[in-house]
Trainee: 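Below is a structure I'd like to ask you about.
What you are looking at is a predicted structure, and each value in this text was computed from that prediction instead of being measured. A note on names: the letters A, B, ... follow the listed sequences, proteins ahead of strands, and every chain is numbered from 1.
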Amino acid sequence: MQELPKAYDHSQVEDKIYKMWLESGYFNPDKLPDSEKREPFTIIMPPPNVTGTLHIGHALFATIQDILTRYQRMQGKRALWLPGTDHAAIATQSKVEADLYKKERKTRFDFPREEFLKLVEAFAQSSHDTIVGQLKRLGASADWSREAYTLDAPRTLAVRTAFKRMYEDGIIYRGSRIVNWDPKLKTTVSDDEIQYVEQKDPFFTFKYGPFEIGTVRPETKFGDKYVVMHPNDQRYASYKHGQKIELEWINGPLTATVIKDEAADMEFGSGVMTITPAHSAIDFEIAQRHGLDIEQIIDDRGVLLPIAGEFAGQHIKKARAAIVEKLKNKGLLVKTDEHYVHNVATNSRGGGIIEPQIKEQWFIDVNREFTMRHSEIAGIQTGQRVTLKQLMRHVVSEGLVKIIPGHFEKIYFHWIDNLRDWCISRQIWYGHRIPVYYCKQGISNEGQQPDSSSSCSQQIVSTQDITQCPNCNGPVEQDSDTLDTWFSSGLWTFSTLGWPDENAKDLKMYHPTNVLETGYDILFFWVARMILMTTYHTGQIPFKTVYLHGLVRDKDRQKMSKSKGNVIDPLGVIDTYGTDALRFALIFSTAAGNDIPLAEDKIKGMKHFGNKLWNIARFIMTNVPASDYKFEAKTEADKAILEALAKTTDTVTKHLDNFMLHEAAQEIYQFVWHELADIYLEKSKEQFKDEALKINTEKILLHQLIWSLKLLHPFMPFVTEHIWQLLKANGLASTDLLMVAQWPTSTRR
RNA sequence: GGACAAUUAGCUCAGUUGGUUAGAGCGCGCCGUUCACAUCGGCGAGGUCACUGGUUCGAGUCCAGUAUUGUCCACCA
């Protein structure tokens, strides 16, 4: 036996071991020994955004998924962990735009669309390379031969096919609706992407005819010609619905109409409000209920339109003070509350304050009935009429898709019940362009609605690029909008497996997938949308289990952020303590769905554990000459440790089967350190002195080590594989790679 | 306003069908380095499991309420 170093040095081991795994080809489940006999097990990796580098949260998901994959592979499954990255439309584009502005003071409108996209693609590519490199350092046993990108050719075909089918079923429609408009990024964002930020603003009360109305936004009030009050409000009982009232307003006299609607809150202010339907979702709904006029006041850039009279052309931010001043001079300002705190909607994807606008957009109708083309979902028949909402609810309420931890199911149902149509079009450039073409035949003026008498058809949805109208050969123009990034992400479990080819080998073998592992923060964005898309398009569930992890926080439970300076860089940690230590620290004592406080001390402690294991192995290897496994329990200590190992094996297996990774980790940690090392190893030194026990004791030790390595491998793949290779070199281990060794089973079961 | 969680050792957290003396990591005190490991070993201190009531032979665990903290959803003009 060669001389082994006293301390385990991860930096000499990890790259070498990862390379060995790669060369084995076993990350690809089809190349595993006897792959044909194995039952498939699939995890599709949530694709990290190509917006830079990985943070500690990515290290967590990579660790959990790798543990599950390695465990199932050792259990004899045909284990596929399919990796990929996400183009993250808005996030990536706005990152590039921000850099561009910072460096060159330019915006995307200073470039032709194609040229700008090349800049974004170059950035995305370099981010991608960094991210894949980082995942490899984390030990990810993912099948890189199947790597996917949400914006590559196969995924583009899937997106366009999905769009076309939904369009033909009438589930995707185009309509004029009030949307969340971000004037800074000049795009719409979905309801879920909005983040409310508390802000203090002056709250003005104005005289509006016989009423008093309150607002923080006088600049939207030019067109307010409806005054709304609750039908039961006794203070205003003398005013009748539809009654006209002459009054003086910002730019002169105005005829206002009284509207009685229950949306008015009697408790708030005077109980009377005016509405601005074009720039407020609630007001828009009221206007629709009563068939009121809707007038745009503010344009896409946040500039006032001609309706504002003398203020037209001014930006709303600047105009506000002047408008208040004018109203004050006219004697219409009653009072100003300078300390009014309210929530302002902002675009969470790095954008600005949301200004609702009425826009022509594409939507997915979640309440429209359609016919299931094909269904393998229990309780849903092929040919049955259903809505997307019903499908999304069904698969979870029937337990076909199980969410861990369970209480998130309630949150999921609550979200579905309140779900409105999903706005899927975005006015940005980076992403999947909407596959709709408008026939321009017979249309003279750009931008005008096609005239049906001179144009063959209004719009064509195509899965391939086209330049001519298939009906009349006239010129076509593609819709300039792109799709919400979650549209393509929603197809992820099956677009990565060969869909829309319904006979694709991978799709048949690996779908539905087994586990989706992701953060609870994207339950709605992503998990729900995958369920929507998958049930609709494939008639299957996307996954059987959803395992939600928490957010990694610092030791004071603070969210990690660059501005707070409390960010733990995974690569720095790996350099100092090793991947195994980081992985073990991340899952040790962290239950599903709970946030994880991570302190450097914890990682350090786990490095010590890796070293402990190393020295246990060193002791055993230098004392064990033989390789056969026939031993018996001769002493009380022998009996105790064999029983403890069997119990540990059962418990670790049970916990892994139940996704209790932290419990499994604690169990194996406890056993290796405090039972094997502290007790039996010490006892063995005594037993070595007795010739009648010596050989038997050595064999028991080897058995203990081999099982411990196996139980620990999913958690700490590098050090365990490294020790395994040393055992193998000395004829003490049989399987080539620990990675594909068989998971132990105790005889107790 | 609505919903969902959490409250266990000095700190950060585990504790899945209710069952002996409630655990871990870090930290703390004392002792110990020829003999796998000082990235170590041995011994030890430290908890009325937020509070109140209920169910039970038995409750950290189940139920109801209270308090505090956190998260999510909705959003008031």
Trainee: Does A/H414 or A/F408 map to a spot on RNA chain B nearer the 5' end, using the closest nucleotide for each?
Mentor: A/F408
Trainee: Provide the closest heavy-atom pair for A/I358 versus A/A278 in the form atom of the first, atom of the second, distance.
Mentor: CD1-CA, 3.7 Å
Trainee: Between B/C76, B/C37, B/G25, which nucleotide has the shortest distance from any of its atoms to the side chain of A/F588?
Mentor: B/G25
Trainee: Would A/K607 count as a cation-pi partner of A/Y577, with NZ or CZ less than 6.0 Å from the six-membered ring centre and within 45° of the ring normal?
Mentor: no
Trainee: Taking only the side-chain heavy atoms of A/Q670 (C-beta and beyond), determine which of B/A36, B/A14, B/A24 contains the nearest atom.
Mentor: B/A24
Trainee: Kindly say whether, by distance alone, the side chain of A/E682 makes a donor-acceptor pair under 3.5 Å with the base of B/A36?
Mentor: yes
Trainee: Do A/N418 and B/C73 have a side chain to base donor-acceptor pair shorter than 3.5 Å?
Mentor: no
Trainee: Return the 5'-most residue of the pair A/I616, A/I411 with respect to RNA chain B, ranking by each residue's nearest nucleotide.
Mentor: A/I411
Trainee: What interatomic distance, in whole Å, is found between C1' of B/U20 and the corresponding atom of B/C57?
Mentor: 15 Å
Trainee: Would you say the base of B/C37 and the side-chain of A/K612 have a donor-acceptor pair closer than 3.5 Å?
Mentor: yes
Trainee: When you compare B/G19 with B/G42, how far apart are their C1' atoms, in angstrom units rounded to a whole number?
Mentor: 33 Å
Trainee: Where do A/D224 and A/L254 come nearest, in terms of heavy atoms and distance?
Mentor: O-CD2, 3.4 Å
Trainee: Is it the case that A/R393 places NZ or CZ above or below the six-membered ring of A/F413, under 6.0 angstrom from the centre and within 45 degrees of the axis?
Mentor: yes
